[in-house]
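So the structure is just underneath, and the comments pick up after that.
Reckoned from all heavy atoms, side chains included, excluding hydrogens, waters and symmetry mates. To find a chain, count down the sequence lines: A is the first, B the second, and so on, and within it residues start at 1.
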Amino acid sequence: MQPGPQTQYQLFTPTFFRKLQQLRIRTRRSFLGSRQGQHTSHRRGHGLEFADYRLYAPGDDFRHIDWAVLGRTDRLYLRQFRDEQDLNVMFLIDASASMQFQGKFEKAKQLALAIGYAALAGGDTVTFSLLGQRNTQRFRGANSFPKILAELGPSTAQGAFDLRAELRAAVARHRIPGKCFFISDLLAPHEELFAAIDILRHRNFEIALLQILSPSEIALDGNLGGYVAEDSETGDRAELLLGSSSRKEYAALLASHIEGVERYCLKAGITHILLSSEESVSQIVLTKLPELGVLK
Amino acid sequence: MFGFFSALTFSKLLGLTGALSLPLLVLAYRKRIPQQRRPVSSLFLLRRLTKHAAQRRHIKLPLRFFLEFLALLLLTLALTQPYWRGGGERIALVVDNSMSMRAQPTGGFSRQQEAVERSRKFLASSGRGNSYTLFTSAPQLKQIGQSEVSTSAVEAELAAVQPVDSGDSLAGEVRQLALSGRFDQVIVVSDRNAELVSEGSGNTTSSSRTVFFTPITVGKPVANIGLTDLRTEHTESDDGSNPSTVALATIANHGVTPTSVKLSVFGLSAAQEQLLVTKNFSVAANKPQQLRINLGQQLPFKFLRAEIAPSENGGADSLPADNQGWTALEKMNQGTLLLVTSGAGNLLGLEQLKHLNTTRITPERFAELTPEQIKRYSLLLFHNCAPTSMPATPSLYILPPTGNLIFPVAAEERTSQVTSWNGEHPITQYLRVSLLRPAGTVVITPPAWAQSVINVERGAVVVAGEYQGVRHAAVGFELLPFEGGATPSLSVLTLNLLAWLSSQTAAFGQTPLTGTALTLNTRVGSWSVVSPTGETAAVGPGTPPYTPITPGLYQITERRAGLADATTRAVPVSSLPVNSFHPSESDTFNPQSYELPQSIKVPGEATGADLPLWFALVVIATIALAVEQLFAAIGWPQEA
C-alpha cells in the first residue's frame with residue numbers, strides 16, 4: 001500500500017522540519033555554486049575559510065591586509081578567503097514500475113523530499129528528476145518545499161525507461177556538478193547500472209546511491225509457489241515454481257548482486273546505502289545518513 | 001509381507017491401462033499451477049532463480065493432487081479385479097486309481113501303495129501355506145473329501161484311496177481340471193509315464209495365469225496275465241443239428257516269457273455256479289491269444305464266467321483283477337417268426353433256421369391281424385412291405401417300400417459299394433462287411449430313434465434301433481432267400497439281425513465294460529441296478545447315467561409306465577455281465593504313457609476361496625475423492 005500525500009504530510013511535521021534544518025548535505029569535494037551559499041568552494045571569495053595570500057594591489061580592500069605579514073616582511077599582502085557557495089543537489093528518483101511495489105517509490109520520494117528540504121534549508125539548489133517521467137525546476141529556499149511536495153506527491157512509478165538516456169538527459173540540465181542522490185532499487189544488470197552511473201561520474205557529480213528494496217525482494221517472502229510471474233516494467237512472463245529451498249538461492253543471488261554494486265561504488269568513490277522500504281524515513285535521514293557521512 | 005503380495009493376484013491386467021490417467025493428472029496440475037499470474041517488481045533476479053528451480057524440478061503439489069492421485073490409482077487397481085488368494089498355492093493332487101494301480105510285484109508294494117507313499121512325501125516337502133484337493137482318476141476324475149484342505153487332512157484322505165477295476169481318461173480330465181482355474185498346480189501320481197508337452201494356452205484373456213503340472217511316476221514293469229475278452233459262439237451242423245456252445249477267451253501275457261495259463265469256465269445260473277471245464281494253455285509273451293473251449297450243447301445256464309490263473313510253475317501275475325470275465329450265453333431262441341411278403345410261396349429259405357418257427361402271410365392278411373394275434377410271434381419280418389404303424393414286436397424290414405412311415409427310403413441304387421460300417425454293433429460281428437456287394441440297394445434315412453449300421457456312398461443301407469424298448473432293423477438290399485453257406489456274408493448278416501432283434505441283452509448293449517456308463521433308456525421308465533457287491537442304484541429321468549465299477553453280473557430291473565392304466569409294472573429282472581477288459585490297464589509290463597502339458601495358461605479368475613479386493617478399492621477411492629471435494633469446498637489447505 002503506497003502512502004499518499006496524506007502520509008507524506010504526516011511525515012513532515014514541524015518537529016521533523018526543525019531537525020532537518022539542522023542537517024546539511026555533506027560533500028567530500030568542493031563544488032562551485034551559482035550563488036552564495038554555505039558550502040566552501042575553491043573559488044576565492046568572501047567566505048570565512050582562509051584560502052591564500054596575494055600582494056596588495058591598489059584598490060584592494062585594505063581590511064584584508066594581513067598586518068602581521070607586513071610586520072615580518074615589510075610588504076603588503078592581502079588574505080584571500082574561499083568563497084562559500086550553494087550546492088547543486090540533484091535527486092534522481094527511479095520512477096519505473098518496479099519501484100511501485102511495496103512502497104519503494106513512496107519511500108524514495110520521502111527520502112528525496114526530506115534530504116531536499118535539508119538542502120534547501122542550507123541554501124542549496126535542489127532539482128528532482130523522476131526518471132522516466134519528468135524533471136522539476138530548480139528550487140531554492142525552504143519556502144519552496146510546499147511547491148515541491150505538491151509536484152512530487154501525487155506522482156506514481158510506472159513504465160520502464162532507458163536509464164542511460166534518462167541520466168544523460170538529467171545531467172544535461174546541470175552546468176555545474178554537485179551532489180547527486182540516485183534513489184532506485186537497482187534491479188538491473190550491473191553493466192547497465194554502472195554504465196548509467198558513469199554518466200554522472202563523468203560529469204563530476206558526487207554520488208550517493210540509495211538502493212531501496214522491498215521485503216519480498218530482500219527475502220523472497222510472498223513469491224513462493226508456482227505461478228506465472230509478470231515483470232511490472234517489461235511485461236515479460238516467466239513460469240516460476242519456487243519452494244522454500246529457493247530462499248537460500250535467492251539470498252545468494254541478491255547478495256552477489258549487491259556485492260557487485262558495492263565493489264563498483266567503492267572503486268568509484270560512490271556512497272552506497274542499502275535500505276528497506278519498511279525503514280523509517282526519519283530514522284534514515286536523521287540517523288543513518290549522518291552516520292554514513294552523507295549528511296552532517 | 002512378501003507372502004501377502006505373493007498371494008495378490010490380478011484377474012484383468014488390462015485394467016492397468018487406467019494408469020495412463022495418472023500422468024495426465026500430474027500434467028494437469030503442472031499446467032494448473034503456473035497458470036496463476038502474479039505481477040512482480042522485477043524478474044531480474046527471479047528469472048535467474050527459475051533456471052535453478054527447473055533443474056531441480058522442484059514441484060510443490062497440493063494435498064488435493066495427492067487425494068485425486070490416490071483415487072485414480074485405486075480405481076485403476078480396481079479395474080484389474082485384484083483378489084487376495086487365501087494364502088499359499090492351491091494344489092490339486094490327482095492319484096491314479098485305475099485297475100493297473102493294483103499291480104503288485106511278488107513280495108512288494110502295490111502301485112497304489114507306492115502312489116500313496118510318494119504323495120505323502122510330496123506333501124511333506126511341499127511349502128507351507130498350500131492348500132490341497134485330492135482327486136482320483138478312475139473311472140472319471142472325482143474329488144475326494146473337501147476342497148483346499150491342509151496337508152494333514154489330505155493325508156488322511158489319501159489313506160482311503162483304493163484302486164478300482166476300470167480304466168480312466170487321465171490326460172484329458174487332468175487338463176480340464178487345470179482349465180477350471182481352481183488350482184495353481186496339478187500333481188499327477190500315476191503308473192503311466194507322463195510325456196511333457198509344451199502347451200501355449202487354454203481359454204486365455206489378456207489377464208491369465210499359469211497352472212503348472214508335476215508328474216510323479218510310480219511302479220516298475222511287472223509281468224501280468226489278463227483276460228481281455230470273453231464271448232460265446234454257437235455252432236451247429238449244416239442241417240441245424242448238433243448245436244454246441246463254444247467259449248472264446250482272449251488272454252494276454254504281458255512279459256518276456258511264455259506263460260502257462262489255466263483257464264476255468266463256470267456256468268452261472270440264478271442260484272449256483274458250476275465249473276464246466278478247466279484247461280491249461282501256453283500263452284506267448286506280448287501276443288494276445290484267443291482260446292476256444294467247447295462247452296457242449298444245451299447248457300442249462302444263462303451266463304458263463306471264465307477265470308484264468310498261472311498254472312503251477314507258470315509265470316508271474318501281478319494283477320489278479322483282470323483274470324475274470326463274464327458273458328451271456330446267447331439264448332437259442334425257439335421263437336416264432338412271421339414272414340410278411342406278397343404272393344404265395346415258400347418261406348424264402350427261412351425254414352432252414354431250426355430255432356425259428358416261421359409262418360408266411362401276405363401284407364393284406366397282416367393288416368387284418370389283431371394286436372393280440374401279432375403278439376404271438378416273437379419276430380416279424382416284412383419283405384418288400386411295411387405296416388402302417390410301428391409294431392410292438394421286434395421287426396426286420398428287408399427292402400422297405402418307398403413311402404413307408406417306419407424306415408423312410410431316401411434313394412435307390414443299382415449297385416453299391418459299402419463305404420463304412422459300425423464295427424461295434426452286434427449286427428456286424430463275425431461279418432466281413434467289406435465283402436458285401438449289395439445290389440438293388442435302397443438307401444434308408446435312419447429315424448431319430450435308430451442309427452446306421454452299414455453305409456454306402458449315398459447313405460445307410462442297414463439301419464437299426466430301439467423304439468419304445470422294442471428293436472427294429474431295416475436292410476436296404478435283398479437278404480432272402482436265406483441260402484446258408486452258399487452266401488455266407490448275407491447269411492451271417494441275416495442271423496446277426498435275427499439274433500440282435502431277439503437277443504436277451506437287447507435293452508443294454510453288448511457286454512459293457514467297467515467305467516463305461518450303461519445305456520439305459522430312461523425315456524420310457526426307470527431302472528434299478530444291483531451291483532455284484534449288492535449295492536442298489538436307481539436310474540431314471542434326471543439321474544446321471546449308471547457307471548459300473550466292479551466286474552460281474554448286474555441285476556437290472558426296468559420299471560416301465562403302463563400306457564393303459566398309467567401304472568407301473570416291473571418286467572422280469574435281467575442280468576447283465578460287465579467286464580473289466582481294459583488292455584492298457586492289464587499291460588503292466590510295457591510302459592504306458594500319457595501326454596501332460598508342462599503348464600497351461602488359464603484366465604486369472606478369482607475363486608470362491610479368494611478375497612476380491614476391487615470393491616474395497618472403489619470404496620477407498622470414493623472416500624478420497626469426497627475428502628478432496630471437501631477440502632476444495634472449504635479452501636483448505638491454502639496453496640502457496
For this session: Compare all side-chain heavy atoms of B:R48 with those of A:Y250 and state whether any distance is below 4.5 angstrom.
Result: no

For this session: Please examine the side chains of B:R47 and A:D236, heavy atoms only from C-beta on, and report whether any two atoms are closer than 4.5 Å.
Result: yes

Seminar exercise, completed: The reported gap from CZ in B:F44 to OG1 in A:T234 (rounded to nearest 0.5 angstrom) is 12.5 Å

Exercise. Where along residues 184-199 of chain A does a heavy atom come under 4.5 Å of chain B, listed by residue number?
Worked result: A:L187, A:A188, A:P189

Exercise. Does the A:S98 side chain pair with the main chain of B:S41, one donor and one acceptor, at a distance under 3.5 Å?
Worked result: no

For this session: Would you mind reporting whether B:S42 and A:E233 have side-chain heavy atoms less than 4.5 Å apart?
Result: no

Exercise. Is the CD atom of B:Q146 crowded by more than 12 outside heavy atoms at less than 6.0 Å?
Worked result: no

Exercise. With sequence neighbours left out, what residues match B:F135 under ring-ring contact (aromatic ring centres under 6.0 Å, His included)?
Worked result: B:F183

Exercise. Within the side chain of A:D231, is there an N or O that forms a donor-acceptor pair under 3.5 Å with the backbone of B:L43?
Worked result: yes

